[in-house]
Every structure is written in C-alpha cells, then in structure tokens.
Amino acid sequence: DAETLTQNYGGVSVGKFVKEGTTIIFSGCNAGAEPGGLNLMKEFGRIFFGSKSGTLRANTCPVLAMGEATSCKPVEFRYPDMKKYTAEDLVREQHGMKVPEGTGK
C-alpha cells in the first residue's frame with residue numbers, strides 16, 4: 001500500500017533513469033481500486049517519475065490470468081496531476097474529441 005511505500009522509499013526517486021512520458025502498467029488485481037488506489041499510484045509515480053510526467057495504468061477489479069481476462073476496464077492516472085482516465089477517455093483525447101466531465105477526479 002501507499003503508506004508502506006512511503007515508509008520504505010520516502011526520499012527515493014529513480015526518475016532520472018525513466019524517460020519522460022513512460023507508462024507503467026500494473027496488471028495485477030485491484031491495484032487502481034479505491035480506497036487507496038489513487039494514493040498507491042501517486043506514490044509509485046513519485047518514486048518512478050520524480051519531476052517528470054508519465055502514466056500509471058492499473059486494474060480496478062480481480063484479474064483471472066496474467067492481466068488479461070478481467071471483468072472491468074483498467075484506469076489510467078497521469079502523473080503528477082493524477083487525473084483519472086478510462087480507455088474511452090484516452091481514445092477520445094487521441095482523436096481530438098472532448099473528454100466528458102467528471103474525468104480527472
């Protein structure tokens with residue numbers, strides 16, 4: 001959880017070794033689920049991106065086999081602002097379409 005990461009790696013950042021705009025994918029169960037998913041992703045972002053920006057993608061429900069068979073859609077957080085995006089939001093954004101209100105919570 002985020003508290004454990006902060007306790008063990010509070011002052012650590014490997015951002016200087018990570019390329020700007022990198023995406024980190026968490027394919028395990030519930031990594032992005034609330035409560036706690038946003039804080040966990042934010043802490044991973046701080047450790048891995050440092051002062052750079054990047055994307056953290058995580059499942060919000062159980063995964064049946066190695067990140068593939070899942071009953072829900074993953075969520076993406078953009079670090080450092082930690083706005084939340086669904087897969088549909090990202091497709092809209094890539095095609096220059098407006099992302100619906102409520103995204104970015």
Side-chain angles (χ1 to χ4, degrees):
D1 68 356
E3 185 177 327
T4 303
L5 280 175
T6 302
Q7 287 173 358
N8 293 330
Y9 303 100
V12 175
S13 174
V14 293
K16 67 181 179 180
F17 302 109
V18 176
K19 186 177 178 181
E20 180 77 32
T22 294
T23 297
I24 298 174
I25 300 171
F26 296 84
S27 59
C29 298
N30 300 320
E34 294 297 335
L38 176 62
N39 288 336
L40 179 66
M41 297 297 109
K42 190 173 187 177
E43 190 61 12
F44 266 103
R46 185 196 60 76
I47 292 168
F48 286 96
F49 299 132
S51 62
K52 296 178 182 171
S53 62
T55 303
L56 299 139
R57 184 177 206 182
N59 289 313
T60 57
C61 65
V63 177
L64 303 177
M66 298 295 288
E68 294 184 11
T70 182
S71 62
C72 66
K73 296 176 182 169
V75 67
E76 293 199 10
F77 297 97
R78 301 256 175 95
Y79 184 86
D81 64 7
M82 295 310 290
K83 288 186 178 177
K84 185 189 289 188
Y85 293 84
T86 65
E88 290 85 5
D89 294 336
L90 296 171
V91 170
R92 285 184 189 101
E93 188 177 78
Q94 289 169 355
H95 294 311
M97 300 166 65
K98 185 177 178 184
V99 176
E101 291 295 320
T103 300
K105 291 183 177 180

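With sequence neighbours excluded, the residues forming a side-chain hydrogen bond (donor to acceptor under 3.5 Å, both in side chains) with Thr4 are Asp1, listed by chain and number.
One hydrophobic cluster, built from ILVMFWY side chains closer than 4.5 Å, holds both Val18 and Val12.
Expressed to the nearest 0.5 Å, how far NZ of Lys83 lies from OG1 of Thr55 amounts to 13.0 Å. In this structure, CD1 in Ile47 is found 9.5 Å from OH in Tyr79, a value given to the nearest 0.5 Å. To the nearest 0.5 angstrom, Lys52 atom NZ is 9.5 Å from Phe17 atom CZ. Atoms CG and CZ, on Leu38 and Phe77 in that order, are 5.0 Å from each other to the nearest 0.5 Å.
For the side-chain hydrogen bond (donor to acceptor under 3.5 Å, both in side chains) condition, the pairs that include at least one residue of residues 10-20, sequence neighbours left out, are Glu20-Ser53. Evaluation of the salt bridge (Lys or Arg N to Asp or Glu O under 4.0 Å) test over residues 36-51, restricted to residues two or more places apart or in two chains, returns Glu43-Arg46.
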For this session: Output, in order, the C-alpha distance, side-chain angles, deciding distance and verdict of side chain to side chain contact (heavy atoms under 4.5 Å, CB included) for Phe48 and Ile24.
Result: CA-CA 9 Å; Phe48 286 96; Ile24 298 174; 3.6 Å; yes

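Counting all heavy atoms, side chain and backbone alike, Met41 lies closest to Ala58 at SD-CB, 3.9 Å. For the pair Phe26 and Leu56, the tightest heavy-atom approach, listed with the atom from each and the gap, is CE1-CD2, 3.7 Å.
Panel note: side chain Asn59, backbone Ser27; a donor-acceptor pair is recorded below 3.5 Å.
Contact check for Asn30 versus Cys61: side-chain heavy atoms found under the 4.5 Å cut-off.
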